[in-house]
Asks: 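Below are the structure tokens for one structure; questions will follow.
Quantities reported herein were computed from a predicted structural model and do not represent experimental measurements. Order of the sequence lines fixes the chain letters, A, B, ..., with proteins taken first and strands second; residue numbering starts at 1 for each chain.
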There are 2 protein chains.
Amino acid sequence: MLKHKHDHDACIETALEAAQKICEERETRFTPLRRRVLELVWTKHEPITAYEVLDMLSEGQKRVAPPTVYRALDFLIEEGFVHRIESLNSFVGCSDPAHKHQGHFMICTKCSNVTEMNERSLHDVIKKAAEENGYSYENSILEIAGICENCRN
Amino acid sequence: MLKHKHDHDACIETALEAAQKICEERETRFTPLRRRVLELVWTKHEPITAYEVLDMLSEGQKRVAPPTVYRALDFLIEEGFVHRIESLNSFVGCSDPAHKHQGHFMICTKCSNVTEMNERSLHDVIKKAAEENGYSYENSILEIAGICENCRN
DNA sequence: GCACTGAATGTTATAAAATATCAAGCAATC
DNA sequence: GATTGCTTGATATTTTATAACATTCAGTGC
Ligand SMILES: [Zn+2]
Ligand SMILES: [Zn+2]
Ligand SMILES: [Zn+2]
Ligand SMILES: [Zn+2]
């Protein structure tokens, strides 16, 4: 769960190192571009849009084109380092990249912070509900809107 | 739950009549445009995009502009006659318009049919999970991808 | 070293989805 | 029939995402 105050530089660094390590294990290529995009996603530490990434990526150099960003994001999502928030057309770093999974989120409608829920039990309930309705389960998007603890105080 | 075979004309008519009745009760305006858009949504009976509605709406007359469609859809969503499927940028008629609610869906990845789950228990589990994580619950998007019973046979 | 290969990135153009803004029409009330 | 507020029309633009093709780059075999 996202803490509102924490050592954010360390937080970014941890995410980058974890990604690096996983890519080595999987023999996938954690290129400088992909690394940089993942860094930018974590730097915001709130849902970030592809075009926000694009703008940040373009600072101090020739402007990059949308496919550059979308391809990097696709890779990061594929590897499970980033999740897409459908209801916001945005992207957020995964809090548990070591285990590939579909993210389930809570989104604060006041501060825009997003909290990833890694609850096996909830996942199981959803899967069971699908099967009871005759569907074989593939994956699920769960995005809960609400007000976070900080914002209520 | 959506049946793959049913009297679809009657199905559309039922939805339109229900909407009409609810609007009369609420004293909101079920205008010809709004009625027509709801009819088109039900006519497809699968998730339909705003621009598909736009194309159908434009047949045999001057092409309508996007805001016309989005405003009608906004009204229908507000009234609870239509739900938006975030993961598909699409819209679908609500199976239970009499009770305002957030829809929870299962989407068949083969035939694109969508089934609305009206399960109080699942809703409660999700709400409880949010509250346990410190969030006050406002609403939630649940979109489960899988293969429907028909497509597995 | 040098050619070959496939993956990654660059580049240009376009598609798809949604909204901002202002004008015109219409319906209810007075 | 004038006023008011809601609805729709119309124009332009923004935001989000992808198609298609060219170039670069890293690894492999020679
Ligand atoms: Zn995750
Ligand atoms: Zn908050
Ligand atoms: Zn519904
Ligand atoms: Zn199916």
Side-chain angles (χ1 to χ4, degrees), chain A residues 19-20 23-24 26-41 44 46-79 81-92 112 141 143, chain B residues 19-20 23-24 26-41 44 46-79 81-92 112 141 143:
Chain A
Q20 175 99 48
C23 284
E24 277 165 16
R26 294 179 187 160
E27 299 187 54
T28 54
R29 294 177 57 193
F30 196 52
T31 64
L33 175 65
R34 290 165 175 176
R35 182 188 179 88
R36 178 73 178 129
V37 169
L38 182 57
E39 187 182 11
L40 291 171
V41 168
K44 181 152 182 206
E46 264 175 37
I48 187 170
T49 70
Y51 280 76
E52 284 178 309
V53 172
L54 198 161
D55 288 342
M56 294 168 81
L57 197 54
S58 300
E59 274 173 22
Q61 61 157 92
K62 184 160 187 279
R63 185 168 180 82
V64 303
T68 301
V69 173
Y70 280 102
R71 283 187 295 226
L73 288 170
D74 284 347
F75 172 85
L76 297 171
I77 290 168
E78 179 66 27
E79 294 294 328
F81 305 153
V82 164
H83 296 293
R84 181 180 159 83
I85 311 285
E86 293 292 339
S87 60
L88 302 175
N89 292 340
S90 295
F91 304 86
V92 68
S112 300
I141 291 157
E143 297 172 13
Chain B
Q20 175 99 49
C23 284
E24 277 165 16
R26 293 181 187 158
E27 300 188 53
T28 53
R29 293 176 57 191
F30 196 50
T31 64
L33 175 65
R34 291 165 175 175
R35 181 188 179 88
R36 177 73 178 129
V37 169
L38 181 58
E39 186 182 13
L40 291 171
V41 168
K44 181 154 182 202
E46 266 175 34
I48 188 170
T49 69
Y51 280 77
E52 284 178 309
V53 172
L54 197 161
D55 288 342
M56 294 168 81
L57 197 54
S58 300
E59 275 172 23
Q61 61 157 93
K62 184 157 187 280
R63 186 168 180 79
V64 303
T68 300
V69 173
Y70 281 102
R71 283 188 293 224
L73 288 170
D74 285 347
F75 172 86
L76 297 172
I77 290 168
E78 179 65 29
E79 294 293 328
F81 305 153
V82 164
H83 295 295
R84 179 180 159 83
I85 311 285
E86 292 292 338
S87 60
L88 302 175
N89 292 341
S90 294
F91 303 85
V92 69
S112 300
I141 291 156
E143 296 173 13

Asks: Please state how far atom CD1 in Ile48(A) lies from atom C1' in dT16(D), giving the value in whole angstrom units.
Replies: 15 Å

Asks: Consider the side chain of Lys62(B), meaning its heavy atoms from C-beta on, and name the nucleotide among dA10(D), dT9(C), dG9(D) that approaches it most closely.
Replies: dA10(D)

Asks: Taking atom C1' of dT16(D) as reference, at what distance in whole Å does atom CG of Asp55(A) sit?
Replies: 13 Å

Asks: Is there a donor N/O on one and an acceptor N/O on the other, under 3.5 Å, for the side chain of Tyr51(B) and the base of dA18(C)?
Replies: yes

Asks: When we call it a touch if two heavy atoms are under 4.0 Å apart, what does Arg71(B) touch: a base, just sugar-phosphate, or nothing?
Replies: base

Asks: Counting only side-chain heavy atoms from C-beta out, which of dT19(C), dG10(C), dA17(D) sits nearest to Tyr70(B)?
Replies: dT19(C)

Asks: Quick check on DNA chain C: between Thr49(B) and Pro67(B), whose nearest nucleotide comes earlier from the 5' end?
Replies: Thr49(B)

Asks: Quick check: does any side chain N or O of Arg34(A) sit under 3.5 Å from a backbone N or O of Arg29(A), one acting as donor and the other as acceptor?
Replies: yes

Asks: Return the value, rounded to whole Å, for the distance between atom CG of Asn89(B) and atom P of dT15(D).
Replies: 17 Å

Asks: Could you state the CG-P distance from Leu54(A) to dA17(D), rounded to the nearest angstrom?
Replies: 12 Å

Asks: Under the 3.5 angstrom rule, does the side chain of Ser58(B) hit a backbone N or O of Leu54(B) as a donor-acceptor pair?
Replies: yes

Asks: dG10(C) base to Arg63(A) side chain: any donor-acceptor pair below 3.5 Å?
Replies: no

Asks: Determine whether any donor atom in the side chain of Arg29(A) lies under 3.5 Å from an acceptor atom in the base of dG27(D), or the reverse, and answer yes or no.
Replies: no

Asks: Counting distance only, does the side-chain N/O of Glu143(A) pair as donor-acceptor with the main-chain N or O of Ile141(B) below 3.5 Å?
Replies: no

Asks: Going by side-chain hydrogen bond (donor to acceptor under 3.5 Å, both in side chains), name the residues that satisfy it together with Ser90(A), two or more places apart in sequence or in a different chain.
Replies: none

Asks: Once you apply a heavy-atom cut-off of 4.0 Å, does Arg36(A) come out as touching a base, just sugar-phosphate, or nothing?
Replies: nothing

Asks: Rounded to whole Å, please give me the gap between CG in Leu57(B) and C1' in dA10(D).
Replies: 15 Å

Asks: Of the options dG9(D), dA18(C), dA17(D), whose atoms approach the side-chain atoms of Thr68(B) most closely?
Replies: dG9(D)

Asks: Nearest whole Å is fine: how far is dT19(C) C1' from Asp74(B) CG?
Replies: 10 Å

Asks: From the options dA18(C), dA17(D), dG10(C), select the nucleotide whose nearest atom is closest to the side chain of Leu33(A).
Replies: dG10(C)

Asks: Check whether any side-chain nitrogen or oxygen of Thr31(A) sits under 4.0 Å from OP1 or OP2 of dA8(C), and answer yes or no.
Replies: no

Asks: Ignoring hydrogens and geometry, is there a side-chain-to-backbone donor-acceptor pair from Arg63(A) to Asp55(A) under 3.5 Å?
Replies: no

Asks: Would you mind reading off the distance between Glu86(B) atom CD and dA17(D) atom C1', rounded to a whole angstrom?
Replies: 16 Å

